[in-house]
Peer 1: 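Pasting a structure below so you can have a look.
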Amino acid sequence: MKFDLKCSISLSRDGSDAKKSVEEFFKNFGEGDIKWKIGGESLFLHIISHDKRSHQIVLQLYKRLAPIFGRHKIGMRGIHIDEYEIEFEIEKNPLHEISIPFATLEFHNGIARMIIKDKGEEFLREGYIDRMIRLVREKIEKQYYEGKKEYWQLLWQSEEKEHAWDRDPSEEMQRRGWIKLMGKGKWFYFPPAAAIMRAMERIAIEEVIRPLGFKEVIEPMHVSFETWIKTGHLEGMPGEIYYICEPKSREAEEWERFVDLLKITRRVDEEELMKNLKVPKEGVCYAQCPNIYAALAGRTLAEDDLPLLLFERSTPSDRYEAGGKHGIERVDEFHRIEIVYIGTKEQLLQLREKLIERYGHVFDNILELEWRMAKVTPFYLQQAGIAGGEEEEAKGTIDFEAYLPYRGDRSKEWLEIQNISIVGEKYVKAFNIKTQKSQLWSGCSGIGLERWMVAFLAQKGMEPDKWPEGFRKYVGELPEMPKFL
Ligand code: ATP
Ligand code: ZN
Ligand code: MG
């Protein structure tokens, strides 16, 4: 690595008076290869370092030079980067061009050169440089796994079953008027459909969640950017979030023109609307776990109360899904129960076994599904898994999938209906959640109620008398549709 920094520290007045003292100081300062010059109201520095980062050196210098200039009644007024050239090793050369903000990049023979010009002190103080180096590495890595599929390994599969029919339940429900599309990927559930979904919810709660000791929480639907920066959602899926704008004001006068235009044209004047909205600072719930972690941020959990087991079922999840939307199985707003568990690694591994057992009980004995479980690892984590050994092996996601007969091919037409994840220290660290002695791990499991419903109806059909006894007990008599003329 090579950190070659040319920068200037501005002084409150001509610095010549301090020249002797500064010279004395640098004689005893051991770090890096440093050239300096006082010119008018600036101290120019040229620092070349190979191990310690030059931007750390300059911050250290700044602190120690302040009292020296101070003795001559000269104040220091911040650092400016004139040019910062950083060379660092990369494992592989990029496959095609890479760019990042604030710097130009060059690559040759396993070395990346990053050049930053004419920037303020925040680049040195606030960790930008290290994050820029990490971003370059990440972007190179990504070029190598782009297009590769996530790793999928079958863990278990139920026996083949005979299914009641081979039609698409969303289409049939639409035909009967049970569900109605309300704009892009959002459905209205009339009483029979709502009753089925609520039965799914009760099954999950009474057969899995309560028996394992989870307690209910209710969270806000809005999630702040701060929270999503910590979980990584804002960098991971900014294009899937529904953003929320507050109005600039709730005063009627401020909205007068907007209302007048609406009254005259019966249309929303978009330009006028945008004038009245603030820039978003939050978005609609994407998954419930981020707000649960945010609510626990900074807390120390009592060791004897572990594992902490919580669930949330009040807040729908909204996602701006692009292609692949179909019926109620891939939608822009869906209903999930999410459970979150925080405890020691051993506790979570035990819990995962119990969850698998309970979910299996539901799918086998109540919904009587043809289903399977697979361990999935996104491609970029696969190397980490190999490198990390047993510790990394314990983390990861198990997907639960159900076969959809209406789609045909049994070898590939399976739908993910839920998952169980253990993420290790990632989130407890990000939100500074601790316990007295042990290292905490956490994880979550998201139960997609639309997905349970589609899987069940696709396999069991739409005739309640033919449904498995276990499910009929939960759903009871289906309510009738309103009578339309
Ligand atoms: P996919 O790869 O299908 O997009 P995902 O990895 O985005 O799924 P997760 O974020 O892991 O899904 O969410 C967990 C559960 O939430 C899924 O198992 C599924 O039950 C449900 N889910 C996710 N996206 C949707 C959607 N668009 N419509 C309905 N349910 C969904
Ligand atoms: Zn989650
Ligand atoms: Mg998705």
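Just so you know, ligand 1 is whichever comes first in the structure, and atom 1 is the first atom listed for that ligand.
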Peer 1: For N/O/S atoms only: which one belongs to Glu338 and is nearest the Zn ion (ligand 2)?
Peer 2: OE2
Peer 1: Taking the Zn ion (ligand 2) as the vertex, how big is the angle to SG in Cys289 and SG in Cys444, rounded to 10°?
Peer 2: 120°
Peer 1: May I ask which of Asn419, Asp318, Ile447 has a heavy atom nearer to atom 11 (O) of ligand 1 than the others do?
Peer 2: Asn419
Peer 1: Might you work through the salt bridge (Lys or Arg N to Asp or Glu O under 4.0 Å) test for Arg125 and Glu121, ending with a clear yes or no?
Peer 2: CA-CA 6 Å; Arg125 281 202 194 279; Glu121 185 169 322; 2.4 Å; yes
Peer 1: Scan side-chain atoms only and decide if Tyr189 and Glu450 contain a donor-acceptor pair under the 3.5 Å cut-off.
Peer 2: yes
Peer 1: Out of Glu338, Arg451, Arg319, whose heavy atom sits nearest atom 9 (P) of ligand 1?
Peer 2: Arg319
Peer 1: Under 4.0 Å from any heavy atom of Gly448, which atoms of ligand 1 are there?
Peer 2: 20 (O)
Peer 1: Is the cationic atom of Lys92 (NZ for Lys, CZ for Arg) positioned less than 6.0 Å from the six-membered ring centroid of Tyr144 and within 45 degrees of its normal?
Peer 2: yes
Peer 1: Assess Lys184 against Tyr320: is NZ or CZ under 6.0 Å from the centre of the six-membered ring, and within 45 degrees of the ring's axis?
Peer 2: yes
Peer 1: Kindly give the heavy-atom pair with the smallest separation between Lys275 and Lys248, and that separation in Å.
Peer 2: O-NZ, 2.9 Å
Peer 1: Within a distance under 4.0 Å of any heavy atom of Gln418, pick out the atoms of ligand 1 and give their elements.
Peer 2: 18 (O)
Peer 1: Are Glu240 and Tyr286 close enough that a side-chain donor and a side-chain acceptor fall under 3.5 Å?
Peer 2: yes
Peer 1: Which one of Trp152, Trp371, Trp414 satisfies the side-chain hydrogen bond (donor to acceptor under 3.5 Å, both in side chains) criterion with Glu401?
Peer 2: Trp152
Peer 1: Using a 4.0 Å cut-off to any heavy atom of Glu329, which atoms of ligand 1 qualify?
Peer 2: 28 (N), 29 (C)
Peer 1: Of the backbone atoms (N, CA, C, O) and the side-chain heavy atoms from C-beta on, which set of Glu450 has a member under 4.0 Å from an atom of ligand 1: side chain, backbone, both, or neither?
Peer 2: neither
Peer 1: Within 45° of the ring axis of Tyr406 and under 6.0 Å from its six-membered ring centre, is that where the NZ or CZ of Arg167 lies?
Peer 2: no
Peer 1: Quick one: which ligand 1 atoms are inside 4.0 Å of a heavy atom on Glu321?
Peer 2: 24 (N), 26 (C), 27 (N)
Peer 1: Gly446 to ligand 1: N or O pair under 3.5 Å?
Peer 2: no
Peer 1: Is it the side chain, the backbone, both or neither of Arg336 that has a heavy atom closer than 4.0 Å to ligand 1?
Peer 2: side chain
Peer 1: Is it the side chain, the backbone, both or neither of Ile417 that has a heavy atom closer than 4.0 Å to ligand 1?
Peer 2: backbone
